[in-house]
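Remember, it's a predicted structure, so these values are computed and weren't measured experimentally.
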Amino acid sequence: AAGTLLARSLEEILGAVKGAVMAIPHAVTQSAALADHLRDLSNQTDVSVESLSQLRFVASQTGTNLETIARTIFDLGRNVAAGGDDIARALTSIGLSLAAVKAMKPEDAFVDIFEALGQLPTAAERSAAGMAIFGQKFRLVSQLAKEDVKGLMEQAEALGLTISTETAEQADRFNDALDVMGKMTEAAKNKIGAFLIPALTAVAETAPAAGGALLLLGDGALDTAASLATIASGMIPLTSGFRTAIMTIGSLGNTVPILT
């Protein structure tokens, strides 16, 4: 009984190890896909990959959307660069200055602005200042004024959720390599199709002749000698078509690897 229990325990352990090992490739591809996506989003919005990975956690905790946050930050940078009395007054109303905000990275300015908006006493004041600073997109992220955005980003860092720019660059190279491998498979399929389609077309086109002869024999429309002669004449092109297809398949070994 003890031996059976030990064997069963070992079997369960090995099963768990096998499951973990089998899950690794899937986990790697998922991680690479996320890092690559953050790299693309960073290129589009000028927000660092590190900040985006932390803001992704913020979004998941606050019912917002990472892409919306990133594009709001991008618009903030554009609004601040353009300046103007309205945005300058709005920033002053929450204790910040246009010059100071211009000197910050856009994501840092975003966090500081929402922290300051959260200090305003009424929703009307938060809305007025937020719309003046961010424009129409503020309504999509306005709930962040009631959240500790900086604290959530620090929590993401502590949880190990921050993805580095270097990792994102490596993920981009990895996914590009996988894409090339997929295209090579597609090219191989195209080559196989180019070789086999003509041969298989010949088979399909000659099959009715042989099939028709068999039907005539079965219906008794022809005597045996005539039927055999008709079947033979129908089988000749059919056999030729199969022979061509087989020879074509045999030649693929010398041609498919030549993809470059």
What pairs with E50 under side chain to side chain donor-acceptor pair (under 3.5 Å), at least two apart in sequence or on another chain?
T165
Reported CZ-to-CG distance for the pair F174 and D36, which is rounded to 0.5 angstrom:
10.5 Å
Residues forming a side chain to side chain contact (heavy atoms under 4.5 Å, CB included) with A129, sequence neighbours excluded:
S93, I94, L117, L120
Output for pair (L52 CG, T162 OG1), nearest 0.5 Å, gives 11.0 Å
Side chain to side chain donor-acceptor pair (under 3.5 Å) filter on T92, not counting sequence neighbours, yields none
Derivation and outcome, side chain to side chain contact (heavy atoms under 4.5 Å, CB included), residues I69 and F110
CA-CA 9 Å; I69 291 175; F110 178 86; 4.0 Å; yes
If a pair satisfies salt bridge (Lys or Arg N to Asp or Glu O under 4.0 Å) and one of its residues is in residues 155-170, list it, with sequence neighbours excluded.
R39-E169
Cluster link L76 to F74, ILVMFWY, side chain under 4.5 Å
no
Under the side chain to side chain donor-acceptor pair (under 3.5 Å) rule, collect the residues that match up with S51, sequence neighbours excluded.
S48, E107
Could you tell me which residues satisfy side chain to side chain donor-acceptor pair (under 3.5 Å) with R71, sequence neighbours excluded, listed by chain and number?
Q44
Could you measure the distance from the CD1 atom of I113 to the OG1 atom of T72? Nearest 0.5 Å is fine.
11.5 Å
Hydrophobic cluster identity match, V111 and L161, side-chain contacts under 4.5 Å
yes
Closest heavy-atom pair and its distance - L38, S53
CD1-CB, 3.8 Å
For D86, give me all partners under side chain to side chain contact (heavy atoms under 4.5 Å, CB included), at least two apart in sequence or on another chain.
R89
Looking at CG of N175 and CD of Q170, how far apart are the two atoms once the value is rounded to the nearest 0.5 Å?
12.0 Å
Taking the side chain as every heavy atom from C-beta outward, state whether S42 and V47 have any pair of such atoms under 4.5 Å apart.
no
Please, which pairs that meet salt bridge (Lys or Arg N to Asp or Glu O under 4.0 Å) have at least one residue in residues 51-70, sequence neighbours excluded?
none
To the nearest 0.5 Å, what is the distance between CG on N79 and CD1 on I87?
5.0 Å
T45 side chain to L41 backbone, donor-acceptor under 3.5 Å
yes
Residues at least two apart in sequence or cross-chain that pass side chain to side chain contact (heavy atoms under 4.5 Å, CB included) with Q61, listed by chain then number, are F57, L152
Can you see which heavy atom on Q143 is nearest to which on E147, and at what distance?
O-CG, 3.5 Å
Taking only residues two or more places apart in sequence, or in another chain, which ones meet E115 in a side chain to side chain contact (heavy atoms under 4.5 Å, CB included)?
D112, K150
V58 versus Q54: any side-chain heavy-atom pair under 4.5 Å?
no
Worked verdict on T167 versus V49 for side chain to side chain contact (heavy atoms under 4.5 Å, CB included)
CA-CA 9 Å; T167 297; V49 170; over 6 Å; no
With a 3.5 Å cut-off and sequence neighbours excluded, list the donor-acceptor pairs that the side chains of residues 132-142 form with protein atoms.
residue	atom	partner	partner atom	Å
K137	NZ	D75	OD2	2.8

Counting only heavy atoms not in D85, do more than 12 sit closer than 6.0 Å to its CG atom?
no
Does any non-hydrogen side-chain atom of D176 lie less than 4.5 Å from one of R173?
no
Donor-acceptor list for residues 96-105 side chains, cut-off 3.5 Å, not counting sequence neighbours:
residue	atom	partner	partner atom	Å
S97	OG	A100	N	3.0

Gap separating the CD atom of Q119 from the CZ atom of R126, nearest 0.5 angstrom:
10.0 Å
When you compare the side chain of V149 with that of T62, does any pair of heavy atoms fall below 4.5 Å?
no
